[in-house]
Colleague: 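Just passing along the structure, written as structure tokens.
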Amino acid sequence: MTKTEKRQDKAIRVALTQACELAKDQVHEFSWLTHTADLKKLPQSLKVSCYCKELPLTAEQTQLITNLIIKELSAVDLAINAKAISFLKE
């Protein structure tokens, strides 16, 4: 992993951690999230999985969490498509 990739990886982790903490505060059913990415093929390779205590979430809850993730990642100059965010039951 190159130095640039390490910096990108850290920025993604920090952004997603922030989005996760905000989502936990705002959506009771939300538990945690994780991601996978090929750092050489960003942003199209980035996938985020959100784990919730109960599914389905309301459309508003899903949209809120999706917007939080998109906003935090855009702060580190990374655009993610909403289709790359999935919601699963833990």
Side-chain angles (χ1 to χ4, degrees):
M1 189 182 291
T2 67
K3 202 173 201 178
T4 301
E5 289 171 341
K6 287 180 184 179
R7 271 183 278 183
Q8 275 185 317
D9 184 52
K10 182 177 180 181
I12 291 168
R13 285 186 286 113
V14 168
L16 290 176
T17 298
Q18 181 66 23
C20 181
E21 293 305 318
L22 291 169
K24 286 195 291 188
D25 289 343
Q26 297 179 34
V27 179
H28 176 56
E29 293 85 358
F30 180 82
S31 294
W32 55 283
L33 60 77
T34 189
H35 75 285
T36 59
D38 179 346
L39 297 174
K40 292 178 182 3
K41 297 179 182 175
L42 284 175
Q44 62 271 18
S45 68
L46 181 62
K47 305 285 186 238
V48 178
S49 300
C50 300
Y51 290 86
C52 303
K53 297 170 195 153
E54 296 294 325
L55 285 180
L57 296 175
T58 66
E60 292 82 18
Q61 290 171 320
T62 302
Q63 191 63 45
L64 174 70
I65 295 168
T66 300
N67 288 343
L68 287 171
I69 293 168
I70 290 170
K71 179 182 170 219
E72 292 299 326
L73 288 173
S74 69
V76 294
D77 296 325
L78 194 60
I80 185 173
N81 188 322
K83 293 179 182 179
I85 303 170
S86 61
F87 292 86
L88 306 160
K89 185 172 179 174
E90 63 175 344

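Here, residue 1 is the first one in the sequence, and each next residue gets the next number. On a predicted model such as this, the values are computed, not experimentally measured, just so you know.
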Colleague: Find out whether Gln18 and Val14 are in side-chain contact, i.e. whether some heavy atom of one side chain is under 4.5 Å from a heavy atom of the other.
Modeller: no

Colleague: Please examine the side chains of Leu78 and Pro43, heavy atoms only from C-beta on, and report whether any two atoms are closer than 4.5 Å.
Modeller: yes

Colleague: Taking the side chain as C-beta and beyond, is there a heavy-atom pair between Lys10 and Val76 under 4.5 Å?
Modeller: no

Colleague: Which pairs count as side-chain hydrogen bond (donor to acceptor under 3.5 Å, both in side chains) when at least one residue sits in residues 37-46, sequence neighbours excluded?
Modeller: Glu5-Lys40

Colleague: Any idea which heavy atoms bring Cys20 and Ser31 closest together, and the distance?
Modeller: SG-O, 4.5 Å

Colleague: Linking I/L/V/M/F/W/Y whenever their side-chain heavy atoms sit closer than 4.5 Å, directly or via other members, would Phe30 and Leu55 fall into one cluster?
Modeller: yes

Colleague: Report yes if some heavy atom in the side chain of Leu64 is under 4.5 Å from a heavy atom in the side chain of Thr62; otherwise report no.
Modeller: no

Colleague: I need the minimum non-hydrogen distance between Ala84 and Leu46, along with the two atoms involved.
Modeller: CB-O, 3.4 Å

Colleague: Nearest 0.5 Å please: distance from the CG atom of Leu22 over to the CG atom of Asn67.
Modeller: 12.5 Å

Colleague: Would you call Leu33 and Ile65 a side-chain contact if the rule is heavy atoms closer than 4.5 Å?
Modeller: no

Colleague: Working to the nearest 0.5 Å, report the span between OG1 of Thr66 and CD of Gln63.
Modeller: 5.5 Å

Colleague: List the residues meeting salt bridge (Lys or Arg N to Asp or Glu O under 4.0 Å) with Glu54, not counting sequence neighbours, and say none if there are none.
Modeller: none

Colleague: Check whether Ile70 and Trp32 end up in the same hydrophobic cluster, where Ile, Leu, Val, Met, Phe, Trp and Tyr are linked by side-chain heavy atoms less than 4.5 Å apart.
Modeller: no

Colleague: For the hydrophobic clusters of this structure (ILVMFWY residues joined by side-chain heavy atoms under 4.5 Å, transitively), does one cluster hold both Ile85 and Tyr51?
Modeller: no

Colleague: Give the C-alpha distance, both sets of side-chain angles, the deciding distance and a yes or no for side-chain contact (heavy atoms from CB on, under 4.5 Å) between Cys50 and Ile69.
Modeller: CA-CA 10 Å; Cys50 300; Ile69 293 168; 3.6 Å; yes

Colleague: Would you indicate whether Lys53, at its atom NZ, is surrounded by more than 12 heavy atoms from other residues, nucleotides or ligands within a distance under 6.0 Å?
Modeller: yes

Colleague: Pick one: which of Ile12, Ile80, Leu73 meets side-chain contact (heavy atoms from CB on, under 4.5 Å) with His35?
Modeller: Ile12

